[in-house]
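These notes are about the structure you will find just below.
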Protein chains: 2
Amino acid sequence: MLQLTRDGEYAVRAVIFLAAQPEGKVSLINEISVEQEVPKSYLSKIMQHLTRAGLVKSRRGAKGGFTLARTADTITLRETIEAVEGPIFLNVCLIKKGECHRDDLCPVHPVWKEAQKKLMEVLEGKTMADLVKDAEAIKKSSKRAMLRKA
Amino acid sequence: MLQLTRDGEYAVRAVIFLAAQPEGKVSLINEISVEQEVPKSYLSKIMQHLTRAGLVKSRRGAKGGFTLARTADTITLRETIEAVEGPIFLNVCLIKKGECHRDDLCPVHPVWKEAQKKLMEVLEGKTMADLVKDAEAIKKSSKRAMLRKA
DNA sequence: GGTATTTAAGACTATTTTAGTCCGAATATA
DNA sequence: TATATTCGGACTAAAATAGTCTTAAATACC
């Protein structure tokens with residue numbers, strides 16, 4: 001449907017949450033679920049994918065939980081989404097040769113290629129560190145707006 | 001899944017086919033289906049959507065068939081796709097306010113907004129007339145390549 | 001060692017979407 | 001009237017989506 005699924009959305013929320021935590025902080029499914037408004041049992045699935053994809057480190061047992069596996073500035077939006085949704089292709093014809101009807105003769109193929117490239121540029125251009133910084137800036141500016149109103 | 005469905009793909013094929021026909025030519029479901037490799041009964045559904053959306057004119061009965069309802073240079077790729085898939089939104093948060101988790105405080109929202117804008121620019125930047133022209137150019141250049149080989 | 005805590009893995013489910021097919025009705029031509 | 005052709009909708013099978021739930025495994029602490 002040319003639309004991000006809940007999996008992708010929830011993965012992004014979870015990784016941003018982890019990225020925003022202070023160094024060394026270990027987060028529980030429960031915390032993330034409540035804070036980011038993601039169903040707990042569903043989130044547990046998402047976290048597993050993120051762990052296997054190497055974005056997140058997990059530890060079981062008491063004092064266990066999740067942390068980022070790498071620094072937030074090395075994790076892009078694209079990587080986070082693809083960790084749970086699989087590789088993004090705006091059209092099947094981009095997956096590999098032969099998927100495309102009339103292969104190299106299709107005039108629409110280059111258009112999808114360009115659209116794909118632009119989308120990837122946007123999703124790769126934002127790291128989790130960027131997003132945490134953006135979130136802080138938004139919070140500050142909205143606080144200022146509140147004060148002005150009061 | 002962040003991927004165009006068959007509906008969208010088939011709609012584009014059908015409209016390009018109509019755009020490539022000589023002035024006044026009326027095309028049958030059957031022709032389009034064979035030429036563009038789209039299942040006939042499925043295509044019939046697609047054509048109905050395109051007709052209702054005002055991109056295509058239909059006439060029933062003997063000597064009936066389909067033509068473009070407007071000139072090919074006024075029909076964009078975006079319009080064609082949205083005629084059968086409904087409006088494109090890369091993320092639910094773009095549909096309307098309130099769909100977004102933590103509304104204006106979400107740092108990812110602006111990123112989706114930008115991605116959406118870029119995608120739309122690409123899909124609106126190509127009209128069916130452009131695509132027909134591109135197809136002709138591709139055909140010519142591939143013919144030249146064949147001749148060089150032979 | 002035992003107990004409490006926490007993630008891992010996978011089975012299970014309901015709903016929606018996707019990708020079609022099929023048929024009878026309506027409409028136009030000749 | 002016979003023939004051609006789209007229209008509209010019912011129908012279907014398979015896959016994706018969006019979850020839930022239960023049991024097992026690992027870890028920490030007493």
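Listed candidates were C:dA28, D:dG8, D:dA18. Nearest to the side chain of B:Gln48 is D:dG8. Minimum atom distance to the side chain of A:Thr5 is reached by D:dA18, of the listed C:dA9, D:dA18, D:dT20. Looking at the side chain of A:Ala62, the nearest of the listed nucleotides D:dA28, C:dA19, C:dT29 is D:dA28. Residue B:Leu28 has its side chain nearest to D:dT6 when only D:dG19, D:dT6, D:dC29 are considered.
Contact between A:Glu35 and A:Phe17 at its shortest, heavy atoms only, is CG-CE1, 3.3 Å. Across all non-hydrogen atoms, the minimal contact from B:Thr76 to B:Leu123 is CB-O, 3.8 Å.
Rounding to whole angstrom units, CG of residue A:Leu2 and P of D:dA16 are separated by 17 Å. Between B:Leu43 atom CG and C:dA19 atom C1' the separation is 13 Å, expressed in whole Å. Regarding A:Glu31, its CD atom lies at a distance of 14 Å from the C1' atom of C:dT7, rounded to whole Å. Across the protein-nucleic acid pair, B:Leu50 atom CG and D:dC7 atom P stand 11 Å apart, rounded to whole Å. Distance, A:Ile29 CD1 to D:dT20 P: 12 Å, rounded to whole Å. B:Ile46 has its CD1 atom 14 Å from the C1' atom of C:dT21, to the nearest Å. Taking atom OH on B:Tyr42 and atom P on D:dT6, their separation rounds to 18 Å, with Å as the unit. For B:Arg6 and D:dA14, the CZ to P distance is 19 Å, given to the nearest whole Å.
Applying a 4.0 Å cut-off to non-hydrogen atoms, the residues of residues 7-25 of chain A that approach DNA chain D are A:Tyr10, listed by residue number. Residues of residues 75-95 of chain B having a heavy atom closer than 4.0 Å to DNA chain C: none are found.
Listed pair A:Arg60 / D:dA28 fails the phosphate criterion, with no side-chain N or O lying under 4.0 Å from OP1 or OP2. Within the 4.0 Å cut-off from OP1 or OP2 of D:dG19, not a single side-chain nitrogen or oxygen of A:Lys45 is found. Regarding contacts with the backbone of D:dT6, every side-chain N or O of B:Thr51 stays at 4.0 angstrom or more from both OP1 and OP2. Neither OP1 nor OP2 of C:dA8 sits under 4.0 Å from any side-chain N or O of A:Arg52.
Of the two residues contacting DNA chain C, namely A:Met1 and A:Arg59, the nearest-nucleotide position lying further toward the 5' end is that of A:Arg59.
One hydrophobic cluster holds both A:Leu2 and A:Ile95 under the rule that ILVMFWY side chains link at heavy-atom gaps under 4.5 Å. There is no path of hydrophobic side-chain contacts, each under 4.5 Å, that joins A:Met128 to A:Val26. Hydrophobic clustering of Ile, Leu, Val, Met, Phe, Trp and Tyr side chains at less than 4.5 Å, counting indirect connections, unites A:Val111 with A:Ile88.
In A:Lys63, the NZ atom is not crowded: 12 or fewer heavy atoms of neighbouring residues, nucleotides or ligands sit closer than 6.0 Å. Atom NZ of A:Lys25 is surrounded by more than 12 heavy atoms from other residues, nucleotides or ligands within 6.0 Å.
Residue contacts shown for A:Ser58 are limited to sugar-phosphate atoms, with no base heavy atom under 4.0 Å away.
Comment: B:Glu136 does not engage B:Lys140 in a salt bridge, judged by the lack of any side-chain N to carboxylate O separation of less than 4.0 angstrom.
Just one residue in the list A:Ile16, A:Val122, A:Val12 forms a side-chain contact (heavy atoms from CB on, under 4.5 Å) with A:Leu77, and that residue is A:Val12.
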